[in-house]
Participant: 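Below are the structure tokens for one structure; questions will follow.
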Amino acid sequence: MEVSDELRSLEATGIYRLADSRAAFLDPVRLLNESYRRFRLVPSAYYSRSFGPSHQGGDAESERTVPSPNREKRKRKRQKKPRELNAVERLADARHQEARPLLISAHDSLLKAKDLLEFLPEMIKGEECLLDVETKLENNFVELGSSWRAPFYEMTVCFQKAQNNEDGFCNVQRRSIPLFNRIINGDENDDAEGEFQSRRYILPKGSCFLMTDFRHVRDLIPDNSKQEYNLIVIDPPWENGCVRQKEAYPTLPNRYLLYLPVQELAHPAGALLVLWITNREKLWKFVEDELLPSWGVKDPTVFYWLKVKSDGSLIGDLDLFHHRPYECLLLGYINVNKEAELKPKFKFLEGSQVIMSVPGAHSRKPPLQKILSEYIPGTKPPRCIELFARDLGSGWTSWGNEALHFQDSMYFSEK
Ligand code: SAM
């Protein structure tokens, strides 16, 4: 099959722009790997959650609503007892109906991109065999950070300095740094490695993190306005039955988010704020009526993250009420004033878009900086921060109570 320019672009940049739709397909592994010099994230470790092919042939519509025995059973059950939606459910359904045409058009474009569909299984597998990431004993940073010992835990960070040409040895500098409640900067130009409790963590070049609980979040506020941020990504631990059930991570009462120092983190010359939000209608009301206005964000734009399997079919029925195969992101500007509107050095957000990818671990979101780069105000490269992060990136400050989670060396190989 002929390789299109878009597929070449996916291989080079991690982004495949789909023709005739406001949609793009991302390879998070390629995007994340741009942060590293000596290491690379292993595709089979990122894609360790099984989203293999659905083994269903057929047209675009049947590929979208891939039947599985359980889902079919649930569907029949639902069909037997049709019930009226209550007022809140009707609002949620109206929101879904508004998004539906855009999501269907994006998915149809993906199904037409035959070269991409053919490439997907290879992209997910990489050349490595599947890593057993789930059974390895990882450090539980949430627990460790909340113990009385937290102030005494130290990470030994190894920085490799320039190669000594005469004897071929690298000059390695080791520094012990308190792991919790302290901002830790990686090396500006090279990946560093941290050792903690017999495990190794990869710190990408130019990364920075603060691993603390919400109570210490104000430690992130920079002393000087040049260090404030142009891109702020927030993926809160929203209260939600599914997260509690799986005990994936602790959740936070939604109203606590009103105390995030978002305005203090936003660059005075303008910042793009991105907030991941679940499909619960009550949450939307709180976010639109209270949270975004309190952060100074007006008229947000909605983007959608549509989750697909390695054969391009959706991970679930598009219309399944409580388990939509997509998540939403609200995007809006802070401190973007009239002056910026007159001489913008960036493109203003205009209308909704769809991002598609094969999901990784539970609740792990695709990296957004590159796909949003043209919409970020301020100087380039932008200063970026992620709140409630579970990994690090070059040019990013990552904050959360388990910011190092996906930096465990078991997810990486050496280049
Ligand atoms: N964006 C992340 C990703 O792509 O992997 C997922 C973030 S997850 C939705 C929310 C994160 O917030 C979890 O790592 C959770 O442990 C963390 N969190 C929960 N309560 C917190 C608290 N009180 N302070 C700091 N972080 C917290």
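Source: prediction; values computed, not measured. Throughout, residue positions are numbered sequentially from 1 according to the sequence presented. As the structure lists them, so they are numbered: ligands from 1, and atoms in each ligand from 1. Computation of the quantities below employed the complete heavy-atom set of this structure, encompassing side-chain atoms and omitting hydrogens, waters and symmetry-equivalent molecules.
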Participant: Under 4.0 Å, heavy atoms only, figure out whether ligand 1 is touched by the backbone of Trp276, its side chain, both or neither.
Facilitator: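 Neither; nothing of Trp276 gets under 4.0 Å from ligand 1.
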Participant: At less than 4.0 angstrom from any non-hydrogen atom of Thr212, what atoms of ligand 1 do you find?
Facilitator: 25 (C)
Participant: Which of the numbered atoms in ligand 1 are under 4.0 angstrom from any heavy atom belonging to Leu252?
Facilitator: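 Those qualifying, in numeric order: 23 (N).
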Participant: Under 4.0 Å from ligand 1, counting heavy atoms only, is it the side chain of Asp235, its backbone, both or neither?
Facilitator: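 Within the 4.0 Å criterion, Asp235 contacts ligand 1 through backbone and side-chain atoms alike.
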Participant: Atom CD in Gln407, atom CZ in Arg199: separation rounded to 0.5 Å?
Facilitator: 13.5 Å
Participant: Taking the side chain as every heavy atom from C-beta outward, state whether Met123 and Leu120 have any pair of such atoms under 4.5 Å apart.
Facilitator: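 Met123 vs Leu120: side chains touch.
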Participant: Got the closest protein heavy atom to atom 19 (C) of ligand 1, with its distance?
Facilitator: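 Residue, atom and distance for the closest contact: Pro250 O, 3.0 Å.
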Participant: Answer yes or no for Glu386: is there a heavy-atom contact with ligand 1 below 4.0 Å?
Facilitator: yes
Participant: Give the residue and atom name of whichever protein heavy atom lies nearest to atom 17 (C) of ligand 1, and the separation in Å to one decimal.
Facilitator: Asn401 OD1, 3.3 Å
Participant: Which of the atoms in ligand 1, numbered in the order shown and given with their element, are less than 4.0 Å from a heavy-atom of Arg390?
Facilitator: 2 (C), 3 (C), 5 (O), 6 (C), 14 (O)
Participant: With a heavy-atom distance limit of 4.0 Å, tell me whether Phe141 approaches ligand 1 through its side chain, its backbone, both, or neither.
Facilitator: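 Neither part.
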Participant: Taking 4.0 angstrom as the limit and counting only heavy atoms of Phe406, give me the atoms of ligand 1 inside it, by number and element.
Facilitator: 5 (O)
Participant: Purely on distance, is any nitrogen or oxygen of Thr251 under 3.5 Å from one on ligand 1?
Facilitator: no
Participant: Can you name the nearest heavy-atom pair linking Ala269 to Pro377, along with the distance?
Facilitator: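 So the minimum-distance heavy-atom pair works out to O-CB, 4.2 Å.
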Participant: What part of Pro236, side chain, backbone, both or neither, has a heavy atom within less than 4.0 angstrom of ligand 1?
Facilitator: backbone
Participant: Enumerate the residue pairs fulfilling ring pair (Phe, Tyr, Trp, His ring centres under 6.0 Å) with a member in residues 4-45, sequence neighbours excluded, ordered by first and then second residue.
Facilitator: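 Every pair satisfying ring pair (Phe, Tyr, Trp, His ring centres under 6.0 Å) with a residue in residues 4-45: Tyr36-Phe412.
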Participant: Any idea which part of His405 is under 4.0 Å from ligand 1, heavy-atom wise: side chain, backbone, both or neither?
Facilitator: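 His405 to ligand 1: no contact under 4.0 Å from either part.
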Participant: Which atom pair, heavy atoms only, marks the closest approach of Glu195 to Cys158?
Facilitator: OE2-SG, 4.1 Å
Participant: Kindly say whether the aromatic ring centers of Phe209 and Tyr201 come within a distance under 6.0 Å.
Facilitator: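 Between Phe209 and Tyr201, the centre distance exceeds or equals 6.0 Å.
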Participant: Any idea which protein heavy atom is nearest atom 9 (C) of ligand 1, and the distance to it?
Facilitator: Tyr249 OH, 3.1 Å
Participant: I need the nearest protein heavy-atom contact for atom 4 (O) of ligand 1: residue, atom name and distance, please.
Facilitator: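 Of the protein heavy atoms, Lys365 N, 2.8 Å lies nearest.
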Participant: Within ligand 1, which atoms have a heavy atom of Ser363 less than 4.0 Å away?
Facilitator: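 Contacts of ligand 1 toward Ser363, numbered from 1: 3 (C), 4 (O), 6 (C), 9 (C).
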Participant: For ligand 1, note which part of Val217 has a heavy atom under 4.0 Å away: side chain, backbone, both or neither.
Facilitator: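 No part of Val217 is near ligand 1 at this cut-off.
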Participant: With atoms numbered from 1 as shown, which atoms in ligand 1 lie under 4.0 angstrom from a non-hydrogen atom of Glu402?
Facilitator: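 Taking each heavy atom of Glu402 in turn, ligand 1 has 13 (C), 14 (O), 15 (C), 16 (O) under 4.0 Å.
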Participant: Quick one: look up the protein heavy atom nearest atom 22 (C) of ligand 1 and list residue, atom name and how far away it is.
Facilitator: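 Going atom by atom, the protein heavy atom closest to atom 22 (C) of ligand 1 ends up being Asp213 OD1, 3.5 Å.
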Participant: Any salt bridge linking Arg90 with Asp93? Criterion: basic side-chain nitrogen under 4.0 Å from a carboxylate oxygen.
Facilitator: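 No, no charged N to carboxylate O under 4.0 Å.
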Participant: Quick one: closest heavy-atom pair of Asn230 and Pro382, and the distance?
Facilitator: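 Result for this residue pair: OD1-CA, 3.6 Å.
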Participant: How many angstroms lie between atom CD1 of Ile184 and atom OG of Ser398, to the nearest 0.5 angstrom?
Facilitator: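 Answer for the CD1-OG pair, Ile184 versus Ser398, is 12.0 Å.
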Participant: Between Asn181 and Tyr153, does any side-chain donor sit less than 3.5 Å from a side-chain acceptor?
Facilitator: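 Result is no, nothing qualifies.
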Participant: Check for me whether Lys365 meets the cation-pi criterion with Trp305, that is, NZ or CZ under 6.0 Å from the six-membered ring centre and within 45 degrees of the ring axis.
Facilitator: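 Verdict for Trp305: no cation-pi partner in Lys365.
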Participant: At a 4.0 Å threshold, what atoms of ligand 1 neighbour a non-hydrogen atom of Arg364?
Facilitator: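 Once the distances to Arg364 are compared, the set is 3 (C), 4 (O), 5 (O).
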Participant: Give the atom numbers and elements of ligand 1 that come within less than 4.0 Å of a heavy atom of Trp399.
Facilitator: 25 (C)
Participant: Pairs in or reaching into residues 379-401: which pass salt bridge (Lys or Arg N to Asp or Glu O under 4.0 Å), with residues at least two apart or in two chains?
Facilitator: Arg364-Asp391
Participant: For ligand 1 and Phe214, I'd like to know whether there is a polar contact (N/O to N/O, distance under 3.5 Å).
Facilitator: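 Yes, since at least one N or O of Phe214 sits under 3.5 Å from an N or O of ligand 1.
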Participant: Give me the atom names and distance for the closest heavy-atom approach of Gly351 to Thr301.
Facilitator: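 Closest pair (atom of Gly351, atom of Thr301, distance): O-CG2, 3.4 Å.
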Participant: Sort out for me which residue in Leu387, Leu292, Leu329 forms a side-chain contact (heavy atoms from CB on, under 4.5 Å) with Leu275.
Facilitator: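 It is Leu292, the one option of Leu387, Leu292, Leu329 that forms the side-chain contact (heavy atoms from CB on, under 4.5 Å) with Leu275.
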Participant: Specify the protein heavy atom at minimum distance from atom 7 (C) of ligand 1: its residue, its atom name, and the distance to 0.1 Å.
Facilitator: Phe388 O, 3.1 Å
